[in-house]
Amino acid sequence: MKSFDFKKTMSTMARERLEVSAIGSMIKLVIEHGAISFTAGEPSADLLPADLLAEAFEGVFDDAAQLGYYRSDLGHVEFRDWIVEWMRRDGLIPGWVKTENIMMTCGSQEGISLAGEALIDPGCYVLVESPTYMETLLTFRKQGAVCLGVPIDEDGIDIGALEDILRMKKIRFLYSIPNFQNPSGNTATLERRKEVLALLQKYDVPLLEDDPYHYLSYDSATPASYICLAGDDARVVYLGSFSKIVAPGVRCGWMVVPDSLIAEITSLRVNSCLGLPTMVQQGMLNLLTRLDLESYIGRLCSAYAGRRDALLSALDAHLSGEGLVHNRPLGGFFIWGRLEGIKDMSDFSRYAVVNEKIGVIPGSVFFVPGAEDPSSVRFSFAKVDKAKAEEGSARLARAIKSYRS
Ligand SMILES: Cc1ncc(COP(=O)(O)O)c(C=O)c1O
C-alpha cells in the first residue's frame, strides 16, 4: 500500500519557511569526523553542576499537588517570585515588573519564538543585529518576517545605520543581544544602549532583549539592561536563560513581559502546551536557592575567562601569520574574527573538518542574505581547554596552508 504523503497537506509555513540550522549541520560534521570543535555555543560538560542538580531534583515529586496541571499558566509562582527578587537585586528590572510579568520558558529560544508569534505578521520587517544569532533568524522567518540587518561594531549597534532604517521602513521590533553577543562577542556600551533606546522611542518601535550570557562577564560589570533603561516606557521584552550558567539540557528560562503583551503571551503558552513541567521548575528553584549563586557564578567566570585567554593566545600564536584578525570578548563564549584571504569560509570550514579535523563556524550563517561577510568566522571557547586550544589552532593553521596551496 502506498503510504500517505504529508507533503501535499502541509501548511505554507512548513513547506516554504522552515530552514535547517547551518550550525547544527556543522556540529554534526564535526562529530562525524571526530574533530576538535571550536563550534558549539554551549557550556562545558565538566563545568555543569550535575551533582548539585541531582540533589536539587531529589524530592521534587514529594508534593503530589505539583503533579496535576499547575495553578498558573505562566509557571511556578515561587520560582517567578524568586526571579523578580534576583533581577531586582541585580538592578536588571524597572519598578513595574512583578511576578505577573514573568513567564517561565523552555529556554530563551522559546521566548524568541513566543515573542515572534505574538509580534510578527508575514511580510513585516523585523530588525536584527548584523551579524546575529542564527536560530533567531530561522524562528522569525518561519513566522514570515523579513529580517533586516543593522550593522554592529565593538560598542554595539551602529546608530546612524539604525536611524536610516527606522526612517525608511516600518519596523515591527528590534531584536538585540546586548551582552557578549552571539556570534560577535561584542557588548553594547551604556552610551549606545541609551542612543538605541532614544531612537526606538522616537520611531515608536519596541525591543526584544535576549540576554542569555548576562552573568558570564569576565572583565567588568555589564552595562544596564535595556529593560531597566527603558523604565516606565515598558517597550522592552526581556529574555533570560539558565542554559549558560546551569545547563542547557534542563531547558529553563524566562521572559519579562510588559502588561500590554502578557495576556497574548499567556494564550500562546496555553494554546501550544498548556504549561511547562512544574517539576523542572521546582528542581531549578531548589538548586538556585541552595547555591551561593555569587561564588558559583564567580567560579564559572574564572574558568571560562581562562579558556577565552587560552584560545586567544593559541589563535595568535598559530594564526596571526595566516591573516587572522579577531576581537577580545569581555564575556560569553565567542571570539569573532576574519581570515583575510579566505574568500569562502563555508567551503573552508568544511575542508578544515574533513582534512585536519578542526571545526569552526563560518560567520556568513549569522547574517541576513546579502549582508554576509564571507571571510568571517566564529570560535567558541566554552568547551575548549588549553591543550585543545593549542592543537585546534595548529590544525587550523595547517588547514589554511593546504587550502590555499
Ligand atoms: C543569543 C542566544 N539566544 C538564545 C539562545 C538559546 O538558549 P536557550 O538554551 O536558553 O534556549 C542561545 C543559545 O546559544 C543564544 O546564543
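We count ligands from 1, going down the list as the structure has it; atoms in each ligand are counted the same way.
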Next on the checklist: Counting only heavy atoms not in Glu294 (residues, nucleotides, ligands), do more than 12 fall under 6.0 Å from its CD?
Outcome noted: no

Next on the checklist: Please find the pair of heavy atoms, one from Ile227 and one from Leu92, that lie closest to each other, and give the distance.
Outcome noted: CG2-O, 3.2 Å

Nitrogen or oxygen contacts under 3.5 Å, ligand 1 side and protein side:
residue: ligand 1; atom: 3 (N); partner: Asp210; partner atom: OD2; Å: 2.6
residue: ligand 1; atom: 9 (O); partner: Ser243; partner atom: OG; Å: 2.6
residue: ligand 1; atom: 9 (O); partner: Arg251; partner atom: NH1; Å: 2.8
residue: ligand 1; atom: 10 (O); partner: Ser108; partner atom: N; Å: 2.7
residue: ligand 1; atom: 10 (O); partner: Ser241; partner atom: OG; Å: 2.6
residue: ligand 1; atom: 10 (O); partner: Ser243; partner atom: OG; Å: 3.2
residue: ligand 1; atom: 11 (O); partner: Ser108; partner atom: N; Å: 3.1
residue: ligand 1; atom: 11 (O); partner: Gln109; partner atom: N; Å: 2.9
residue: ligand 1; atom: 11 (O); partner: Arg251; partner atom: NH2; Å: 2.8
residue: ligand 1; atom: 14 (O); partner: Tyr213; partner atom: OH; Å: 3.4
residue: ligand 1; atom: 14 (O); partner: Lys244; partner atom: NZ; Å: 2.8
residue: ligand 1; atom: 16 (O); partner: Asn182; partner atom: ND2; Å: 2.8
residue: ligand 1; atom: 16 (O); partner: Tyr213; partner atom: OH; Å: 2.6

Item to check | Thr136, Asp210, Asp211 screened by side chain to side chain donor-acceptor pair (under 3.5 Å) with Ser108, the one that passes | outcome: Asp210

Item to check | Residue pair Asp90 / His214, side-chain donor-acceptor N/O under 3.5 Å | outcome: no

Next on the checklist: Under a 3.5 Å distance rule, please check whether Tyr218 uses its side chain to pair with a backbone N or O of Gly332 as donor and acceptor.
Outcome noted: yes

Checklist entry - Just checking, any donor-acceptor pair under 3.5 angstrom between side chains of Tyr403 and Glu356? => result no

